[in-house]
Amino acid sequence: MDKITQYQQIILALLQEYAAIKKTLTPGITSQLLIDRENHHYQLLSIGWHNNRFTYTIAFHFDIIDGKIWIQQNNTDALIADELVEKGVSREDIVLGFVPEKAREYSGYGMG
């Protein structure tokens with residue numbers, strides 16, 4: 001299995017795990033996985049109505065760019081980069097896209 005296919009499977013499994021958790025947290029709010037395998041974009045959304053209030057939140061957004069997993073958004077308390085490492089992704093293949101480029105060298109992850 002090539003690295004990109006492996007990373008796609010890891011991201012998908014991770015998003016499915018979190019989608020299953022989020023389903024039970026708030027009545028009226030559903031989880032949606034948005035997967036674009038061809039262009040390597042992966043998102044988990046929370047969407048719906050609860051207590052007369054509309055929710056639309058991107059929980060996670062990952063891209064695979066040049067063989068690396070870019071974490072573009074993490075609106076949870078999860079240490080998602082650490083979870084990717086635990087699932088077999090090398091630290092240098094993870095880029096914290098939401099961190100300014102100048103600060104990434106101090107993150108312990110890839111530069112991008």
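Contact detail for S31 and A19: the closest heavy-atom pair is OG-O, 3.5 Å. Among all heavy-atom pairs drawn from G88 and Q6, the shortest one is O-NE2, 4.4 Å. A81 and I94 get closest at one heavy-atom pair: O-CD1, 3.6 Å. Nearest heavy atom pair, residue K87 against residue I10, reads O-CD1, 3.3 Å.
Between F60 and L14 the shortest side-chain heavy-atom distance does not fall below 4.5 Å. Counting only heavy atoms from C-beta outward, the side chains of T57 and I29 never approach each other to under 4.5 Å. Within the 4.5 Å cutoff, no side-chain heavy atoms of I35 are placed close to those of Q8. Inter-residue side-chain proximity for T26 and T55 is flagged as unmet; no heavy-atom pair is nearer than 4.5 Å.
Without hydrogens or angle criteria, D2 side chain to I4 main chain gives a donor-acceptor distance under 3.5 Å. Remark: the backbone N or O of I58 is paired with a side-chain donor or acceptor of N75 at under 3.5 angstrom. Panel note: side chain H50, backbone P27; a donor-acceptor pair is recorded below 3.5 Å.
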Y109/V85 under side chain to side chain contact (heavy atoms under 4.5 Å, CB included): CA gap, chis, key distance, verdict: CA-CA 10 Å; Y109 295 99; V85 170; 4.0 Å; yes
Apply side chain to side chain contact (heavy atoms under 4.5 Å, CB included) to residues D93 and I69 and explain how you reach the verdict. CA-CA 6 Å; D93 281 351; I69 297 175; over 6 Å; no
Kindly determine whether L79 and E86 satisfy side chain to side chain contact (heavy atoms under 4.5 Å, CB included), including the steps that lead there. CA-CA 11 Å; L79 301 175; E86 289 171 11; over 6 Å; no
Verify side chain to side chain contact (heavy atoms under 4.5 Å, CB included) between D82 and R91, making sure each step is shown before the conclusion. CA-CA 9 Å; D82 290 347; R91 286 184 162 277; 3.9 Å; yes
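Taking the six-membered ring for Trp and thresholds of 30 and 60 degrees, Y42 and H40 have ring planes inclined between 30 and 60 degrees apart.
One finds the CG atom of L34 at 11.5 Å from the NE2 atom of H41 (value rounded to the nearest 0.5 Å). In this structure, CG in L44 is found 11.5 Å from CD in E17, a value given to the nearest 0.5 Å. One finds the OG1 atom of T5 at 7.0 Å from the CD atom of Q9 (value rounded to the nearest 0.5 Å). In this structure, Q32 CD and Q43 CD are separated by 10.5 Å, a value rounded to the nearest 0.5 Å. Taking CE of M111 as the reference point, atom CD of E101 lies at 6.0 Å (rounded to 0.5 Å). Taking OG of S46 as the reference point, atom OH of Y18 lies at 12.5 Å (rounded to 0.5 Å).
Connection of I71 to I64 is established within a shared hydrophobic cluster, with ILVMFWY side chains joined at heavy-atom distances below 4.5 Å, either directly or through further cluster members. Hydrophobic clustering (side-chain heavy atoms under 4.5 Å, transitive across Ile, Leu, Val, Met, Phe, Trp, Tyr) keeps L96 apart from W70. There is no path of hydrophobic side-chain contacts, each under 4.5 Å, that joins L84 to I65.
More than 12 non-hydrogen atoms from other residues, nucleotides or ligands lie less than 6.0 angstrom from CZ of F54.
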